[in-house]
Amino acid sequence: MKKLGLLVIILSVVSCKTVQVQQSQQRTTKKVVEIGSIGTITKGLQQNVFQTSNLPVYKQKIRVAASITTFTDATFNAYAQAAKEQSKPIQITYIDSVANKPGYAHLRILDKVALLNELNATHNKATNTFLQNSNANVLVTSMSAYFGAVDLSTISQAEEVYVVNNKPQKYSLELVKNGKPFALLDISKGVPFTYTTASFCWKKEGSKISIANIIESRETCAKDTYRNVARLNKKVNYFKY
C-alpha cells in the first residue's frame, strides 16, 4: 500500500512537469517563455523553471510551423496556472463534457538552417561567445500559448508564419498569406504554458568555433562536433594507437 501511495506521488509530480502536445511531451511553464530565446532550466520538485538569459538578434526572419490545437484537461490546467503566474486573465471557459472546446497556438521552429546562420552571424558574436562559456544554456524550439480568440483566428488564416525581430529585445510573429504579410502579432501578447528546448553542437574549423547544429536531449552530436566547447580544444595525442 505504501508503494502504491509513493507511485501516485511520483506520477503526480511528473505530470506537473510535462504535458502531451501533439503526441509529444513538453515541459510546462508558469513563467514567460519565448520561441527563439536562450536560457537555462532549473530543476525543481514540481516544475522545471526556464530562466531567459539571452535574446539573439534575428535579422533574417525564422520560419515556424503554427497550428491551432484543442485544449485538453492537462493543457488547460497548465494554461490556467501560467495565466495566474503571469498576471493575465483567463479568457476562456473549458468544460470537458462540451464537444466544442477552445484552442491555443502551438509554434515550432522549422527553418533550422536560417536559425543556425543567424546564431553564427557577426551581429550575434556576443551571444555566441556567451554560449561557448556556458554549456547549461538551451534554445527554445517550440512553445504553446493562448493568444485570444481574435489572434488565434488570425493565426489560423496564415499560410506561412515567421518569427521576426524588428525591434530590440522583441519578437513578433509575421503572418503571410498569398505570399504577402497581412498581420504582425506580438508574441508577448500570448500566455505561454508549454515549451521544448534544444542544446548546441559545436564545431571547429581552423581557429573558428561555431554552432554546427541544435539537438534535442535524446539526440547526440554528429562526429567531430560536441556539446562542450572545451572538447574542441582538447589536445590530440598522435603517439597513441
Side-chain angles (χ1 to χ4, degrees), residues 17 26-44 47-64 85-86 107-145 162-174 186-188 190 192 194-236:
K17 292 182 179 181
Q26 299 207 347
R27 291 186 177 93
T28 59
T29 180
K30 295 180 183 179
K31 304 290 185 180
V32 174
V33 172
E34 290 192 56
I35 191 168
S37 64
I38 290 171
T40 56
I41 298 173
T42 303
K43 294 183 178 181
Q47 190 178 51
N48 295 332
V49 179
F50 181 85
Q51 182 67 47
T52 302
S53 57
N54 187 276
L55 294 172
V57 176
Y58 296 123
K59 291 187 176 181
Q60 178 183 352
K61 58 188 182 182
I62 309 297
R63 179 81 181 270
V64 300
E85 179 72 21
Q86 297 168 33
L107 308 171
R108 176 175 56 86
I109 291 177
L110 278 180
D111 195 343
K112 189 184 289 187
V113 173
L115 177 64
L116 290 174
N117 286 339
E118 286 297 289
L119 292 174
N120 287 315
T122 304
H123 53 262
N124 276 316
K125 184 178 180 180
T127 294
N128 203 288
T129 301
F130 167 73
L131 291 174
Q132 289 185 40
N133 292 285
S134 179
N135 295 321
N137 278 274
V138 291
L139 185 136
V140 178
T141 52
S142 76
M143 61 179 281
S144 298
Y162 297 88
V163 171
V164 295
N165 182 202
N166 51 6
K167 293 183 180 180
Q169 303 289 297
K170 194 176 185 67
Y171 296 159
S172 300
L173 296 177
E174 181 183 87
D186 187 349
I187 291 181
S188 65
T194 77
Y195 68 103
T196 59
T197 62
S199 299
F200 302 95
C201 291
W202 298 87
K203 66 179 179 180
K204 187 174 184 179
E205 297 173 315
S207 60
K208 182 180 179 181
I209 296 176
S210 60
I211 301 170
N213 199 4
I214 54 171
I215 59 170
E216 296 181 4
S217 58
R218 63 178 179 273
E219 297 178 309
T220 57
C221 292
K223 184 180 179 181
D224 296 328
T225 68
Y226 304 95
R227 292 194 187 199
N228 192 333
V229 175
R231 295 193 63 183
L232 295 173
N233 299 317
K234 189 176 181 180
K235 292 183 178 180
V236 178

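Side chains are part of it too, since the values below use all heavy atoms of this structure and drop only hydrogens, waters and symmetry mates.
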**Message:** I'd like to check T52 versus E34 (side-chain heavy atoms, cut-off strictly below 4.5 Å). Are they in contact?
**Reply:** no
Heavy-atom nearest pair, N120 first then S210, reads OD1-CB, 3.4 Å
Heavy-atom closest pair (S142 atom, I35 atom, distance to 0.1 Å) is CA-CD1, 4.0 Å
Taking the side chain as everything from C-beta on, heavy atoms only, tell me whether T29 gets closer than 4.5 Å to E85. no
Nearest heavy-atom approach of K30 to Q86 is O-NE2, 3.0 Å
Requested in this report: With the side chain counted from C-beta on, respond yes when V163 and L107 share a heavy-atom pair under 4.5 Å apart, and no when they do not.
Outcome: no
When rounded to the nearest 0.5 Å, the distance separating CG of N137 from CD of Q132 is 12.5 Å
Shortest non-hydrogen pair, G39 vs S53, comes out as CA-OG, 3.3 Å
Heavy atoms of T220 and I215 approach each other most closely as C-CD1, 3.7 Å
Exactly one candidate in I214, I62, V140 meets side chain to side chain contact (heavy atoms under 4.5 Å, CB included) with I109; the answer is I62
Between the OG1 atom in T28 and the OH atom in Y195, the distance rounded to the nearest 0.5 Å is 7.5 Å
Taken to the nearest 0.5 Å, the spacing of I211 CD1 from N124 CG works out to 8.5 Å
Exercise. Taking side chain as C-beta onward, heavy atoms only, is N128 less than 4.5 Å from W202?
Worked result: yes
Indicate yes or no: at least one non-hydrogen side-chain atom of S188 is less than 4.5 angstrom from one of V32. no
Working for side-chain contact (heavy atoms from CB on, under 4.5 Å), residues E118 and N165: CA-CA 11 Å; E118 286 297 289; N165 182 202; over 6 Å; no
Exercise. Given side chains that start at C-beta, do those of T196 and R108 come closer than 4.5 Å, heavy atoms only?
Worked result: no
Here the gap from K61 atom NZ to E174 atom CD, rounded to the nearest 0.5 Å, amounts to 4.0 Å
Inset, instruction - Check whether more than 12 heavy atoms from other residues, nucleotides or ligands sit under 6.0 Å from atom CZ of R227, and answer yes or no. - result: yes
**Study point:** Greater than 12 external heavy atoms within 6.0 Å of E219's CD
**Key:** yes
Of all heavy-atom pairs linking S37 and Y171, the shortest is N-CE1, 4.1 Å
dist K59:NZ -> N166:CG (nearest 0.5 Å) comes out at 13.5 Å
**Q.** Close side-chain approach of L119 and L139, heavy atoms under 4.5 Å
**A.** yes
Distance col, row T194:OG1 vs R27:CZ, nearest 0.5 angstrom, shows 11.0 Å
- request: Show your working on side-chain contact (heavy atoms from CB on, under 4.5 Å) between N213 and K112 and close with a plain yes or no.
  value: CA-CA 8 Å; N213 199 4; K112 189 184 289 187; 3.3 Å; yes
_Between the side chains of D224 and K203, is the shortest nitrogen-to-carboxylate-oxygen separation below 4.0 Å, so that they form an ion pair?_
no
Find out whether V138 and I41 are in side-chain contact, i.e. whether some heavy atom of one side chain is under 4.5 Å from a heavy atom of the other. yes
